[in-house]
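What follows is one structure encoded as structure tokens, with my remarks underneath.
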Amino acid sequence: MAAREAALDLLSGEVLDVARGLLGFRIRSDIGGSVTVVRLTETEAYAGELDPASHAYRGETRRNASMFGPPGTLYVYRSYGIHWCMNVVVEPIGTAHAVLLRGGEPVRGRRLIEGRRGRADHLTDGPGKLCQALGVTGEQDGSSLLDGPVRLLPGKLPDGYRITATPRIGIAKAADRPWRFVARPQS
DNA sequence: GTCGCGATAGTCT
DNA sequence: GACTATCGCGACA
């Protein structure tokens with residue numbers, strides 16, 4: 001199966017399954033003439049208008065418009081006025097379900113990532129850091145993860161990685177739902 | 001390793 | 001005018 005079809009197949013599922021299933025997938029960005037790749041190890045599910053913690057809970061606005069697009073759309077927003085955070089839109093158009101990409105491990109372009117981050121550790125272990133590492137900004141908001149500058153490539157977690165579910169981070173509403181998924185080497 | 005705190009500006013009430 | 005789907009730093013253990 002081609003990469004595009006494999007990614008679309010996953011994105012057609014239910015948002016919790018997508019959030020879990022994205023672990024091990026890779027994000028490839030081709031921005032500013034340079035390619036960087038990160039393998040995903042941390043995601044969170046947001047259930048659109050059904051989820052008080054979702055940006056889409058109160059319906060469509062200027063900021064969240066791309067959440068209402070087709071599966072595979074990239075939703076990028078500014079967090080705390082400083083950072084960028086990226087989401088993968090899933091399920092049919094209009095449901096505004098999405099998966100926040102929170103963290104990963106550098107696979108390719110490590111030197112470029114270190115340059116963008118301005119340091120050599122903690123490169124991609126947080127949603128703002130992940131976007132900075134990949135060079136993702138509001139310019140990519142609304143682009144397609146299937147054939148845009150930032151793409152989703154199928155992949156598997158390294159041997160020995162285990163997935164755990166925990167409550168989502170940094171939210172006040174619906175804070176009890178264990179919709180954050182983290183993959184770590186078995187300890 | 002954990003905890004506390006300030007920075008910062010767009011978005012919505 | 002209030003509230004963030006965060007980060008990096010310093011203090012402490």
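Note that this is a predicted model, so its numbers are computed, not measured. Chain A is the first sequence line, chain B the second, and so forth, proteins listed ahead of strands; every chain is numbered from 1.
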Comparing nearest nucleotides in DNA chain C, the 5'-proximal residue of the pair A/Lys173, A/Gly126 is A/Lys173
Donor + acceptor pair across side chains of A/Gln132, A/Arg116 (<3.5 Å): no
Counting N and O atoms only, with roles assigned by atom type, does the side chain of A/Arg111 sit under 3.5 Å from a partner on the main chain of A/Gly115, one being a donor and the other an acceptor? no
Just the atom pairs and distances: protein N or O near nucleotides 5-9 of chain B's N or O, under 3.5 Å.
from  : atom 1 : to      : atom 2 : distance (Å)
B/dT8 : O2     : A/Tyr80 : O      : 2.9
B/dA9 : O4'    : A/Gly81 : O      : 3.3

Check this one for me: any side-chain N or O of A/Ser54 less than 4.0 Å away from OP1 or OP2 of C/dA5? no
Heavy atoms only, 4.0 Å cut-off, all strands: where does A/His55 land among base, sugar-phosphate and nothing? base
Closest to the A/Arg119 side chain, choosing from C/dG8, C/dT4, B/dT11: C/dG8
Taking everything shown except A/Glu139 itself, do over 12 heavy atoms lie less than 6.0 Å from its CD? no
OP1, OP2 of C/dA5 versus side-chain N and O of A/Arg180: anything below 4.0 Å? no
Is any NZ, NE, NH1 or NH2 atom of the basic residue among A/Arg119 and A/Glu114 found under 4.0 Å from an Asp or Glu carboxylate oxygen of the other? no
To the nearest angstrom, how far is A/Asp121 atom CG from C/dC7 atom P? 14 Å
Separation of C/dG8 P from A/Leu123 CG (nearest whole Å): 10 Å
Looking only at the side chain of A/Arg63 (C-beta and beyond, no hydrogens), which of the listed nucleotides B/dT11, C/dG8, C/dC7 gets closest? B/dT11
Can you check the A/His97 NE2 to C/dA5 C1' distance for me, whole Å? 16 Å
Salt bridge or not between A/Asp51 and A/Arg168? Use side-chain N to carboxylate O under 4.0 Å. yes
Do you reckon A/Leu134 sits in the same ILVMFWY cluster as A/Val76, going by side-chain contacts under 4.5 Å, direct or chained? yes
Check the distance between C/dT6's P and A/Asp125's CG and give it to me in whole angstrom. 13 Å
From CD of A/Glu60 across to P of B/dC12 the rounded distance in Å is 11 Å
What is the separation between atom CE on A/Met67 and atom P on B/dT11, rounded to the nearest whole Å? 15 Å
Closest to the A/Lys129 side chain: C/dT6, C/dC7, C/dA5? C/dC7
Can you tell me how far C1' of B/dT2 sits from NE2 of A/His122, to the nearest Å? 13 Å
Regarding A/Ser144 and A/Arg151, is there a side-chain donor-to-acceptor distance under 3.5 Å anywhere? no
What verdict does the ring pair (Phe, Tyr, Trp, His ring centres under 6.0 Å) test give for A/Tyr46 and A/His55, after you've listed the backbone C-alpha separation in whole Å, the side-chain angles of each residue and the deciding distance to 0.1 Å? CA-CA 8 Å; A/Tyr46 286 86; A/His55 288 168; 7.4 Å; no
Under-4.0 Å side-chain N/O to phosphate OP1/OP2 contact, A/Arg62 with B/dG10: no
Whether A/Asp125 and A/Lys129 form a salt bridge (side-chain N of Lys/Arg under 4.0 Å from carboxylate O of Asp/Glu) is what I want to check. yes
Spacing of A/Arg39 atom CZ and A/Leu153 atom CG [to the nearest 0.5 Å]: 11.5 Å
Just call it for A/Ile169: base, sugar-phosphate, or nothing, with non-hydrogen atoms closer than 4.0 Å on any strand. sugar-phosphate
For DNA chain C, produce a single dot-bracket line, 5' to 3'. Pairs: Watson-Crick or G-U wobble, both distances under 3.5 Å. Symbols: ( ) within strand, [ ] crossing, | other strand, . unpaired. ||||.|||||||.
Starting at atom OH of A/Tyr77, determine the distance to atom C1' of C/dC3, rounded to an integer number of angstrom. 13 Å
